[in-house]
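Note that ligands are numbered from 1 as they come in the structure, with each ligand's atoms numbered from 1 the same way. One is the number of the first residue; the rest follow in order along the sequence.
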Amino acid sequence: MTEKRKPPLTKEQIEELREDLKLADTLARIENTLLVLSGKGGVGKSTVAVNLAAALAASDMEVGLLDIDIHGPSVPTLLKLEGAEVKHGLGGGLEPIKVSKNLKVMSMEFVMRENKDQAVIWRGPMKHRMIHEFLSEVDWGNLDFLIVDAPPGTGDEPLSICQMAPPRSQALIVTTPQKVAIRDVRKSINFCKSLEMPIFGIIENMSGFVCPSCGVTHQLFKTGGGENLARETGYRFLGSIPIDPQIVSSSDDGKPFVTEFPNSPSSRAFEQIIGPILALSTPRLKKN
Ligand code: ADP
């Protein structure tokens with residue numbers, strides 16, 4: 001009996017396979033991927049992602065920062081990269097923008113130039129496809145850390161990135177101390193659990209207030225919500241970042257506060273937060 005021959009692959013299927021191979025090759029060169037997630041918008045997720053990337057890069061790590069927010073990318077503004085031109089490198093992939101010796105950045109905004117000021121209306125499968133293509137196209141080279149700034153909530157983009165992320169990926173969850181934010185963070189935790197995405201830890205942002213005159217951190221508003229949640233759920237509490245007017249001014253100037261104001265209470269809080277994250281990386285001697 002003759003074996004039935006499979007129908008030949010379509011052009012689209014071949015293109016998808018090619019992209020899968022490219023994606024696997026790109027991801028194999030990334031040692032750790034951290035997905036910065038939050039239950040709701042405005043809690044400082046992008047600020048944390050940018051400063052985490054800058055702090056790790058300042059600690060001699062090779063870092064990539066990827067902004068996959070299609071609807072409202074913040075990373076280009078937070079790093080003064082609006083209008084940056086991305087080019088294709090010698091290998092044909094997209095070259096991320098180099099912002100310091102070992103920090104490279106790529107944002108959806110760089111590749112959506114024409115749509116910049118228009119609302120983007122895409123359905124889930126289109127977004128998934130776009131993120132897949134985007135991930136496979138960017139030529140990061142070897143990275144110790146890829147930090148991904150995903151849109152808030154549990155929508156299409158966080159779902160796609162969790163599904164495509166390499167095996168050594170973990171989520172970092174950012175919240176503010178208030179009850180409403182904590183309630184949404186529980187949803188993010190359940191989202192990660194259902195996708196089998198390990199959670200590395202929880203960060204509480206906007207916790208206490210740094211007085212601009214005396215520089216002392218006052219506990220004006222509620223604090224501790226994130227820490228209580230971590231205790232209750234059994235996840236690592238990485239630390240709290242106070243409300244600091246210097247964070248707003250450095251963000252508006254397009255500079256990470258950890259490098260602009262390294263001695264501020266918020267930068268010192270960040271130093272504590274990155275300790276366990278740095279420990280994820282294999283010591284360089286072993287890498288060579
Ligand atoms: P998200 O990504 O969660 O929507 P952003 O990172 O864009 O939030 O931050 C929203 C605003 O809050 C920005 O103007 C940012 O400068 C400010 N911000 C974030 N964290 C702090 C903080 N700890 N102290 C003061 N302002 C902050």
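At the top of the distance list for atom 27 (C) of ligand 1, counting protein heavy atoms only, stands I247 CG2, 3.8 Å. With respect to atom 6 (O) of ligand 1, the closest heavy atom belonging to the protein is T47 OG1, 2.5 Å. Nearest to atom 18 (N) of ligand 1 among the protein's heavy atoms is M206 CE, 3.8 Å. The protein heavy-atom contact nearest to atom 4 (O) of ligand 1 is G42 N, 2.8 Å. Protein heavy atom closest to atom 16 (O) of ligand 1, with residue, atom name and distance, is S251 OG, 3.2 Å. Ranking protein heavy atoms by distance to atom 20 (N) of ligand 1, first place goes to N205 ND2, 2.9 Å. Shortest contact from atom 26 (N) of ligand 1 to any protein heavy atom: V248 CG2, 3.3 Å.
For a threshold of 3.5 Å applied to N or O pairs, the pair formed by D244 and ligand 1 contains at least one separation below that value. Taking any N or O of K45, backbone or side chain, at least one lies under 3.5 Å from an N or O belonging to ligand 1. At under 3.5 Å, a nitrogen or oxygen of V43, whether backbone or side chain, sits near a nitrogen or oxygen of ligand 1. In terms of polar-atom proximity, I241 is not counted as a contact of ligand 1, lacking any N or O under 3.5 Å from an N or O of the ligand. Below 3.5 Å of separation, one finds an N or O of G44 facing an N or O of ligand 1.
Proximity of a side-chain donor or acceptor of S267 to a complementary backbone N or O of N263 within less than 3.5 Å is not detected. Judged by distance alone, with hydrogens and angles left aside, the side-chain atoms of Q272 form no donor-acceptor pair with the main-chain N or O of A269 at under 3.5 Å. Between the D144 side chain and the E62 main chain, a donor and an acceptor come within less than 3.5 Å of each other.
Cation-pi contact between R236 and F200: present, with separation from the ring centre below 6.0 Å and deviation from the ring axis of at most 45°.
Shown are L78, L79, V36; of these, the side chain to side chain contact (heavy atoms under 4.5 Å, CB included) with L65 is made only by L79.
Residue contacts with ligand 1 leave out S38, since none of its heavy atoms falls under 4.0 Å from the ligand. Using a 4.0 angstrom heavy-atom cutoff, A49 does not count as in contact with ligand 1.
Within a 4.0 Å radius of atom 11 (C) of ligand 1, the protein contributes no non-hydrogen atoms.
Residue P242 touches ligand 1 through its backbone alone, judged by heavy-atom distances below 4.0 Å.
Between W140 and K104, some side-chain heavy-atom pair lies under the 4.5 Å cut-off.
For residues 237-246, the side chain to side chain donor-acceptor pair (under 3.5 Å) pairs, not counting sequence neighbours, are D244-S266.
Listed by chain and residue number, H128, L159 satisfy the side-chain contact (heavy atoms from CB on, under 4.5 Å) test with Q163 (two or more places apart in sequence, or in another chain).
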